[in-house]
Amino acid sequence: MKYNFNDIEAKWQKYWAENQTFKAENHSEKPKYYVLDMFPYPSGAGLHVGHPLGYIASDIYARYKRHKGFNVLHPQGYDSFGLPAEQYAIQTGQHPAITTEQNIKTYRRQLDQIGFSFDWSREVRTSDPKYYKWTQWIFIQLFNSWYNNEANKAEAISELVKIFEAEGNANVNAACDDDVEIFTAEAWANFSEVEQQEILLKYRLTYLAETEVNWCPALGTVLANDEIVNGVSERGGHPVVRKKMTQWSMRISAYAERLLQGLETIDWTDSLKESQRNWIGKSVGASVVFNVKDYNAKIEVFTTRPDTIFGVSFMTLAPEHDLVSQITTAEQKDAVEAYIEATAKRSERDRMADVKNISGVFTGAYAEHPFTKEPIPIWIGDYVLASYGTGAVMAVPCGDQRDYDFARHFDISIPNIIEGADISEEAFADKEKTIIANSDFINGMNYKKATKRVIYELEQIGQGKGKINYRLRDAVFSRQRYWGEPFPVYYKNGMPQMIADEHLPITLPEVEKYLPTETGEPPLGNATVWAWHSIENRVVSNELIDNETVFPLELNTMPGWAGSSQYFNRYMDPHNDEAIFSKEAIDYWQQVDLYIGGSEHATGHLLYSRFWQKFMFDKGYVGHDEFAKKLINQGMILGTSAFVYRIEGENKFVSKGLVGDLKVQTIHADVSFVNSSDELDVEAFKNWRVEFKDAEFILEDGVYKVGRDVEKMSKSKFNVVNPDNICAQYGADSLRLYEMFLGPLEQYKPWNTAGITGVHSFIKRLWKLFYNDNGLKITDAEPTKDNLKTLHKTIKKVEEDIENFSFNTSVSTFMIAVNELTAQKCTSKAILEPLLILISPYAPHIAEELWNALGNEDSISTASFPIFEEKHLVESSKNYPISFNGKMRFTMELPLDMSKNDIEKAVLANEKTQEQLQGRTPKKVIVVPGKIVNIVG
RNA sequence: ACAGAGAUGAUGUAACGGGAAAACAUGCCUGACUUAGAAUCAGGUUUCUGUGGGUUCGAAUCCCACUCUCUGUACCA
């Protein structure tokens with residue numbers, strides 16, 4: 001019988017769907033295991049062979065865990081809000097919901113044909129109102145919470161109000177805005193409602209704040225830093241200005257320390273944890289307050305080196321610093337303003353990239369040293385960033401290279417306060433080797449002692465304190481887009497009001513245009529039915545807005561990461577309309593046991609999700625404050641692009657070998673026109689685009705050879721390989737095996753379709769172990785010793801490999817096993833049946849088919865993983881390599897239970913040994929039983 | 001600049017906690033079968049583990065230095 005993979009795969013995919021084979025129950029006698037993939041954004045381009053890599057790996061693991069007796073949750077869904085659908089809508093007027101629906105259909109079809117064991121009954125889509133109801137709900141939860149630094153957790157805002165009513169805010173230690181004023185209980189009672197709301201907003205975990213954004217007036221939108229190149233928009237090259245906008249922010253900074261500490265408790269890759277650590281950017285030091293001479297002003301700086309405070313010879317403020325305009329003297333005014341203007345024109349990225357040019361201007365003002373009272377000149381310089389610390393630094397040129405360079409450049413003095421340091425060429429920045437000198441009460445102390453003492457003294461005189469600074473900024477949560485979650489928020493007297501939980505979801509309104517309005521409002525500003533009726537509790541026409549009972553709704557939408565920050569928990573109970581998930585469901589599934597996805601989400605999705613999880617933990621909704629125990633990053637699959645060479649100015653293409661010194665344009669050719677010998681199908685290429693129709697081709701040896709290069713797989717590089725074609729030609733099992741066989745999961749690796757014939761013929765050889773031309777050839781024959789050895793060797797290796805996520809090596813193990821069993825002419829059911837279970841996580845369709853052919857009624861996924869027995873691998877003898885001075889010369893078969901001494905004697909007695917020694921006496925004989933014999937001399 | 005990962009035949013890669021370097025595939029070559037293509041079968045094919053040094057009886061593996069590649073972050077005070 002022939003192996004007809006197309007029929008077999010369709011048959012079993014249908015069987016799994018109809019029987020809901022992989023549906024997980026929220027209770028079971030079995031232990032639970034939760035395997036999760038990062039859900040995809042359903043783009044219009046569909047899947048290419050790079051996308052399923054992680055899904056195949058997680059699917060193998062999920063299927064393996066089922067064989068191992070676990071109740072496995074392995075869900076899948078779609079991160080279906082996002083920019084591409086919106087941009088398509090702007091261009092075509094097509095509603096993003098429609099495009100998204102179509103794209104999801106394509107994705108589902110493509111995923112289905114690869115044979116994943118997803119529990120599709122739990123599918124979620126972030127753009128589905130039933131789903132985003134709960135995204136809105138979490139937003140409200142965050143709004144109604146504040147972070148209590150004493151308890152080190154989020155608490156209800158109503159508790160905070162109680163404290164304010166009882167004693168004011170003097171004793172409240174909260175993560176809040178910096179500009180909160182101290183008030184008493186009486187004062188609180190006397191504030192108007194709006195004033196109270198304003199104060200509370202400074203404490204809430206999500207809050208409205210003025211944020212600086214990159215505003216592009218021509219595009220009418222806010223741009224991310226990445227979207228700006230050389231000060232103009234990447235799209236269209238329009239000018240971009242910094243503009244303040246009121247936007248929602250998430251107080252993730254409140255969780256900085258816990259996000260950092262939590263990394264110690266999870267099994268994620270070191271590089272990913274390191275990325276998050278850098279992103280959080282903890283630095284320990286002190287805040288120091290400098291009084292400005294002749295002004296009633298103070299400058300607060302953050303420093304990690306308070307021990308060097310006696311080395312301060314100037315201060316630098318960021319050009320954007322609030323004080324600059326106040327303290328600049330009349331003489332310096334023009335220079336300072338010119339400098340500020342020049343800096344404002346440069347993007348932050350430009351400023352950061354340009355490290356060599358030292359620039360700055362003296363303000364004319366002086367600060368006063370907190371201890372010596374000496375005057376310190378105040379400069380501004382663009383190497384100081386407004387967004388980090390306080391936007392001001394105390395400059396210690398002898399101990400910091402940037403300060404040193406700055407001082408040198410502007411001829412500012414460089415006092416040396418480090419004992420024995422040579423600062424004639426560069427600063428001495430090694431704090432571990434620092435001994436302080438010329439520094440009053442800290443002379444002779446090391447860095448640690450001096451730091452402690454300086455902080456103590458600063459506190460005594462009220463000029464500073466110990467402080468920990470984090471780089472992590474609060475996350476802006478507003479987007480001026482259409483295709484995202486609407487906020488459950490309306491505005492009354494300018495203050496945001498949350499819509500009560502029972503009226504959620506607030507669904508996206510219809511709009512005529514998906515662009516910002518002419519007045520620069522976000523796309524939702526185009527909606528005509530987008531006002532909240534606070535009595536009827538429903539969305540009504542804007543015409544009814546009276547600001548008494550009907551109020552305007554929020555026009556921004558939520559960012560892409562909103563929907564993905566709790567989806568892993570929603571899978572546990574995805575159809576629950578009463579709660580985001582039931583307590584039973586979360587208590588049962590707890591957290592993700594294995595999460596697989598790309599490393600590009602290291603500081604986005606993976607950080608925000610940890611933040612929301614910690615918040616949900618504080619509120620008692622979840623039992624773990626980390627959502628994923630173990631995380632693996634799959635590497636990217638790269639495409640092999642093909643290039644043709646067009647002679648400049650002519651419509652002639654030369655074959656790669658003939659390019660030589662010719663001036664040519666290198667053009668991407670679609671890889672589907674190129675065969676495995678790098679030869680171009682010239683006719684197909686000509687028909688590809690009109691401009692190539694009449695092109696001439698200069699061939700070498702009768703063919704046109706293309707150039708090759710490995711690049712990211714992408715539609716624009718024409719190097720995309722579609723899994724549909726692979727499945728049609730070789731089958732899903734071959735695709736799955738080949739993707740794993742390419743190399744280690746975490747590694748970046750190029751795709752080369754030609755290699756798939758190796759795994760494909762392996763599958764055919766597996767089939768031939770079961771079938772010949774006459775049909776099934778399996779017998780009940782007693783397995784031979786060799787059969788058992790092959791099987792158990794394979795069980796052992798495959799089990800180890802899966803546990804270590806080394807899927808590539810188990811594929812070669814399978815090949816070895818099938819090669820050996822074929823050579824042994826094995827037909828024994830007792831061997832081949834367990835072999836099928838081993839292979840089934842990797843190649844589930846053929847495994848089901850053969851399993852069924854052996855007379856099994858249930859799906860192979862219900863079978864138990866075979867148990868390894870050591871006894872079948874025990875050997876009685878070993879073919880010892882005999883080395884002389886480390887070089888292997890010949891081998892000798894010796895019993896494994898032979899003693900060291902006897903082995904030595906036997907080896908020395910061998911005539912080949914004597915031949916090698918040529919009469920010399922060996923100095924030493926190393927015998928490692930079971931491994932090797934090495935003769936030295 | 002810093003951090004992380006990595007470098008093995010023509011190619012993808014393998015080698016438990018030092019113990020026979022290249023398993024498993026791809027490619028290429030020869031032969032068989034076939035009208036041809038595809039498929040199948042039999043056989044063959046290369047290297048000395050990025051560079052330099054160290055530890056060791058023995059190093060791809062451990063240590064030190066360097067070179068290069070990829071990824072992330074970047075004037076972080």
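Values in this document were obtained by computation on a predicted structure and should not be read as measured data. Throughout, a chain's letter reflects where its sequence line sits, starting with A, and its residues are numbered from 1.
Out of B:U71, B:A74, B:A3, the shortest distance to the side chain of A:Glu274 is found at B:A3. Of the candidates B:A77, B:U40, B:G72, B:G72 carries the atom nearest the A:Ser275 side chain, counting heavy atoms from C-beta on. Considering only the side chain of A:Thr891, B:A20 comes nearest among B:U71, B:C24, B:A20. Counting only heavy atoms from C-beta on, A:Arg402 has its side chain closest to B:C76 among B:C76, B:U26, B:A3.
Within a 6.0 Å sphere centred on NZ of A:Lys712, other residues, nucleotides and ligands contribute 12 heavy atoms or fewer.
Atom CZ of A:Arg408 is separated from atom C1' of B:C75 by 19 Å (rounded to the nearest Å). Between the P atom of B:C76 and the CD atom of A:Gln401 lies a distance of 12 Å, rounded to the nearest Å. Distance A:Ile380 CD1 to B:A77 C1': 17 Å, rounded to the nearest Å. In this structure, the CZ atom of A:Arg305 is 11 Å from the P atom of B:A77, given to the nearest Å. At whole-Å resolution of the value, CG in A:Leu742 and C1' in B:C24 are 13 Å apart. In this structure, the CG atom of A:Leu385 is 6 Å from the C1' atom of B:C75, given to the nearest Å. If you measure from atom CD1 of A:Ile816 to atom P of B:U13, you get 18 Å, rounded to the nearest angstrom. A:Asn278 places its CG atom 17 Å from the P atom of B:U71, with the value rounded to the nearest Å.
Residue A:Ser812 is classed as a base contact, given a heavy-atom separation below 4.0 Å to a base. Counting any heavy atom pair closer than 4.0 Å across all strands shown, A:Ile926 reaches a base atom. Residue A:Lys282 is out of contact with every strand shown, counting any heavy-atom pair closer than 4.0 Å. Counting non-hydrogen atoms under 4.0 angstrom, A:Asn934 reaches a base of the nucleic acid. Backbone-only engagement by A:Ser761 is indicated by non-hydrogen atom pairs under 4.0 Å involving sugar-phosphate atoms exclusively. Heavy atoms of A:Arg765 sit under 4.0 angstrom from primed sugar atoms or phosphate atoms, though from no base atom. Among the protein residues, A:Thr269 comes within range of no part of the nucleic acid, since none of its heavy atoms lies under 4.0 Å from any strand. Note on A:Phe762: nothing from the nucleic acid sits closer than 4.0 angstrom, heavy atoms only. A:Asn879 comes within 4.0 angstrom of a base, heavy atoms only. Contacts of A:Asp403 with the nucleic acid, taken as non-hydrogen atoms under 4.0 Å apart, are absent.
Nucleotides of RNA chain B nearest to A:Ile756 and A:Ser271 differ in position, and the one nearer the 5' end is that of A:Ser271. Of the residues near RNA chain B, A:Thr390 and A:Thr603, the one whose nearest nucleotide (by heavy atom distance) lies more toward the 5' end is A:Thr603.
Side-chain nitrogen and oxygen atoms of A:Asn808 include none within less than 4.0 Å of the OP1 or OP2 phosphate oxygen of B:A25. Between A:Lys764 and B:A39 there is no side-chain N or O to OP1 or OP2 distance below 4.0 Å. For B:G6, the OP1/OP2 oxygens have no side-chain nitrogen or oxygen of A:Gln747 closer than 4.0 Å. Applying the 4.0 Å criterion to OP1 and OP2 of B:G72, one finds that A:Arg277 has every side-chain N and O outside that range. Residue A:Arg471 places none of its side-chain N or O atoms closer than 4.0 Å to OP1 or OP2 of B:A77. Side-chain N/O atoms of A:Tyr388 include one lying less than 4.0 angstrom from OP1 or OP2 on B:A77. For B:C57, one of the phosphate oxygens OP1 or OP2 lies less than 4.0 angstrom from a side-chain nitrogen or oxygen of A:Lys924.
Comparing the P positions of B:U56 and B:U13 gives a spacing of 35 Å, expressed to the nearest Å. Using atom C1' as the reference point in both B:A77 and B:G72, the two lie 22 Å apart (nearest Å). When the C1' atom is used for both B:A15 and B:A20, the distance is 12 Å, rounded to whole Å. Rounded to a whole angstrom, the distance from the C1' atom of B:U46 to that of B:G27 is 12 Å. To the nearest whole angstrom, the two C1' atoms, one in B:U71 and one in B:A59, are 29 Å apart. Spacing between B:U51 and B:U67 at atom P, rounded to whole Å, works out to 15 Å. Nucleotides B:U69 and B:G17 are separated by 30 Å at their P atoms, to the nearest Å. Across the P atoms, B:C63 and B:G6 are found 13 Å apart, a figure rounded to whole Å.
One finds the CD1 atom of A:Ile60 at 11.0 Å from the CZ atom of A:Phe805 (value rounded to the nearest 0.5 Å). Within the model, atoms OG1 of A:Thr316 and CZ of A:Phe314 stand 4.5 Å from one another, a figure rounded to the nearest 0.5 Å.
Look at B:U11: its Watson-Crick or wobble partner, with both distances under 3.5 angstrom, is B:A25. The pairing partner recorded for B:A5 is B:U69, the criterion being a Watson-Crick or G-U wobble arrangement whose two distances lie under 3.5 angstrom.
Between the side chains of A:Gln401 and A:Asp405, a donor-acceptor pair is found at a separation under 3.5 Å. Between the side chains of A:Asn633 and A:Ser599, no donor-acceptor pair of N or O atoms lies under 3.5 Å. Using modelled atom types and a 3.5 Å distance limit, the side chains of A:Asp474 and A:Ser253 yield a donor-acceptor pair.
Ring to ring, A:Tyr470 and A:Trp279 are not that close: their centroids are 6.0 angstrom or more apart. Between A:Tyr730 and A:Phe5, a ring centre-to-centre spacing not shorter than 6.0 Å is recorded.
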>> side-chain contact (heavy atoms from CB on, under 4.5 Å) for A:Lys797 and A:Ser810? Distances and angles first, verdict last.
In response: CA-CA 7 Å; A:Lys797 180 82 169 97; A:Ser810 29; 5.9 Å; no
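In this structure B:G43 sits in the anti conformation; its chi angle is more than 90° from 0.
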